[in-house]
Amino acid sequence: MTGAIISDRTGGPVRTLRPGAVLAVTCLALATVVSAMASLSVALPDVARETHANQTQLSWIIDSYSLIFASFLLFAATLGDRFGRRRALLGGVAVFGAVSLAATFTTEPGVLIALRAVLGVAAAFVMPATLSTITSTFPRAQQARAISIWAGVAGASAALGLLASGILLEAWSWRSVFWLNAVMAAVAFIGTYLFVPESAQPGRQRIDVTGAALTVAGLGVLVYSVIEAPEHGWGSTRTLAGIAVGLAVLVAFVAWELRHPHPLLDPRLFRNKLFAAGSVSTTLQFFAFFGFIFVTMQYLQLVRGDSALMAAVSVLPMSAAMIPSARLSPLLVARRGMRGPWTVGLVLVTTGLVVLAQLDAGSSYWLVVGGLLPLGAGMGLATTPATAAITDALPPRLQNVGSAVNDLSRELGGALGIAVLGSLMSAQYRDSLDTGGLPAPVAEAARSSLAAANHIGHATGNPALIDEARDAFASGMQLSLIGGAATTLLAAVVVTLLLRRPGKPGTDQAETPNSGTHRDTAKSTA
């Protein structure tokens with residue numbers, strides 16, 4: 001890809017476009033915010049020991065970032081589209097780096113949860129700007145390759161972030177994870193300033209603040225209720241009422257968007273089967289993936305007894321399978337159409353999760369590898385066609401919407417996956433742990449988290465409690481991974497059904513991006 005002279009779309013100076021540099025910088029910014037979602041997972045045992053956070057607080061430390069990230073994506077993408085995607089990138093990575101530095105000085109779990117939430121706001125401006133910059137900058141003929149690289153980075157960044165964090169934790173504390181975030185953000189800021197052109201579609205339409213507020217409120221109440229469910233009981237009035245209120249607010253959001261002249265997200269877009277398949281598949285796929293990361297990193301360190309670095313190295317087979325399969329996926333789609341590689345990828349993810357669900361306290365590492373390889377290969381195969389389906393289903397003027405929906409699907413799926421699968425694990429752990437004979441305060445502390453049970457067992461010379469807690473945690477992990485496998489199997493079924501009628505070569509769908517239904521939908525959002 002050679003450089004070209006282009007004019008800034010917002011009236012700025014003429015600059016030389018270097019597609020390779022643009023792709024590298026946007027992928028670095030993407031890796032910065034995606035790796036932050038998972039990289040702290042490898043440090044959770046250290047965080048729990050130093051801050052005395054319980055299992056619910058650990059869930060919030062991870063999920064406050066994902067939840068706010070998902071909640072603000074549509075609103076942030078709209079602002080970036082109107083006022084400039086380059087500005088969104090610069091502002092987002094600047095705030096991300098500054099807040100990461102602030103997080104290195106905290107010792108309280110509540111403060112850490114709040115700072116992670118602010119990081120989520122900054123990330124919401126960064127991620128949609130990366131993909132929409134690629135789709136608005138690269139010629140149509142080069143977009144497929146660029147998007148495949150973007151998808152590969154998006155998928156691999158979580159695992160590579162775990163590895164980098166594991167290396168840092170060998171020499172420093174969990175705060176080094178935030179130092180890494182700050183350094184990556186600083187480099188991304190400089191690269192964006194130097195190489196990324198401005199692109200925007202300024203207009204006078206009102207920004208849908210009400211829709212943004214409904215999104216934040218609905219998702220916030222829903223995820224809060226799910227994460228807190230193990231503390232209050234899944235069948236408690238508080239949990240059920242919270243879930244009902246969250247869903248009701250999200251229904252109100254859909255109704256509002258249908259009536260708003262300039263919605264954040266027009267629900268009618270989901271009439272396009274390609275767009276709907278990509279959105280549903282991405283949500284369910286990352287629901288399982290980030291839930292898997294959350295529970296497995298704790299298993300490797302607290303049940304198997306691995307160091308942070310060894311735990312991170314242990315998941316590298318997943319990345320080794322994911323990266324080449326992500327590069328292979330566009331070639332398979334070009335030859336076979338979307339449905340085949342896409343569905344096979346989801347089935348491979350399901351297979352990997354089922355294998356990993358067989359793990360217990362005494363399992364061999366080879367069983368871990370046996371699950372990670374199909375999981376990684378499946379993620380690589382399925383992510384690229386799902387991302388392309390969302391962006392290809394929309395015309396150029398709606399690429400910001402496609403980028404935001406793709407990112408929203410990933411982050412919403414991740415936030416709900418950590419909340420739901422983490423809560424299933426926590427509830428099963430609490431129910432399975434036998435604390436008979438322990439004083440009530442000690443028993444409650446042991447039930448709060450595996451890290452606490454390990455500490456109590458070592459402090460009191462009670463190895464039986466440690467063994468019991470590890471078995472209980474393994475039981476909870478098995479339940480959560482089976483739940484993740486059921487989710488990705490459902491995604492495979494949805495994709496197969498939505499794309500079951502052959503259309504144009506390479507689409508495997510009856511309703512192509514240029515169909516009349518799509519044009520009508522596009523007009524309704526203009």
Side-chain angles (χ1 to χ4, degrees), residues 28 30-50 58 61-62 65-66 100 103-104 116 152-184 286 288-324 326 352-353 355-356 359 363-377 379-380 414 417-418 421-422 425 450-451 454 470 473-474 477 480-481:
L28 174 61
L30 171 69
T32 301
V33 299
V34 172
S35 64
M37 190 173 186
S39 60
L40 198 60
S41 296
V42 76
L44 284 179
D46 288 345
V47 173
R49 283 188 289 266
E50 185 168 333
L58 292 178
I61 288 171
I62 300 298
Y65 176 78
S66 306
S100 294
T104 63
R116 287 274 291 175
V153 171
S157 292
L160 295 179
L162 292 175
L163 176 61
S165 299
I167 294 173
L168 290 173
L169 289 169
E170 287 295 297
W172 296 289
S173 74
W174 56 267
R175 292 176 178 82
S176 60
V177 176
F178 289 100
W179 281 108
L180 175 63
N181 291 345
V183 171
M184 293 177 66
F286 283 90
F289 181 70
F290 280 107
F292 150 77
I293 291 291
F294 178 72
V295 301
T296 303
M297 295 313 298
Q298 295 182 74
Y299 165 81
L300 291 172
Q301 294 180 76
L302 297 175
V303 177
R304 288 181 55 87
D306 294 341
S307 67
L309 177 58
M310 183 59 67
V313 171
S314 295
V315 299
L316 281 183
M318 178 178 65
S319 295
M322 184 186 301
I323 295 174
L353 291 172
V355 172
L356 291 168
L359 292 170
S363 295
S364 165
Y365 175 66
W366 292 111
L367 183 58
V368 178
V369 175
L372 291 177
L373 289 176
L375 174 61
M379 289 292 296
I418 293 170
L421 299 184
M425 180 200 68
L450 177 56
N454 281 342
R470 289 175 178 174
F473 187 93
M477 184 186 72
S480 65
L481 292 180

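The shortest side-chain heavy-atom distance between Leu359 and Tyr299 falls under the 4.5 Å cut-off. At least one side-chain heavy atom of Leu300 sits less than 4.5 Å from a side-chain heavy atom of Val315. Between Leu169 and Gln301, every side-chain heavy-atom pair lies at or beyond the 4.5 Å cut-off. A heavy-atom distance below 4.5 Å is not found between the side chains of Ser314 and Arg304. Looking only at side-chain heavy atoms (C-beta outward), Arg116 and Ile62 come within less than 4.5 Å of each other.
Rounded to the nearest 0.5 Å, atoms CZ (Phe294) and OG (Ser66) are 10.0 Å apart. In this structure, CG on Leu180 lies 8.0 Å from OG1 on Thr32, to the nearest 0.5 angstrom.
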- Take Met318 and Ile293 through the test side-chain contact (heavy atoms from CB on, under 4.5 Å) and record every step on the way to the result. CA-CA 11 Å; Met318 178 178 65; Ile293 291 291; 4.2 Å; yes
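At distances below 3.5 Å, at least one donor-acceptor pair connects side-chain atoms of Arg470 with backbone N or O atoms of Leu302.
Nearest approach of Pro317 to Tyr365, heavy atoms of both residues: CG-OH, 3.7 Å.
Partners of Glu170 according to the salt bridge (Lys or Arg N to Asp or Glu O under 4.0 Å) rule, which considers only residues two or more places apart in sequence or in another chain, do not exist here.
Ring geometry, Phe286 versus Phe289: the interplanar angle exceeds 60°, so the pair is classed perpendicular (tilted spans 30 to 60°).
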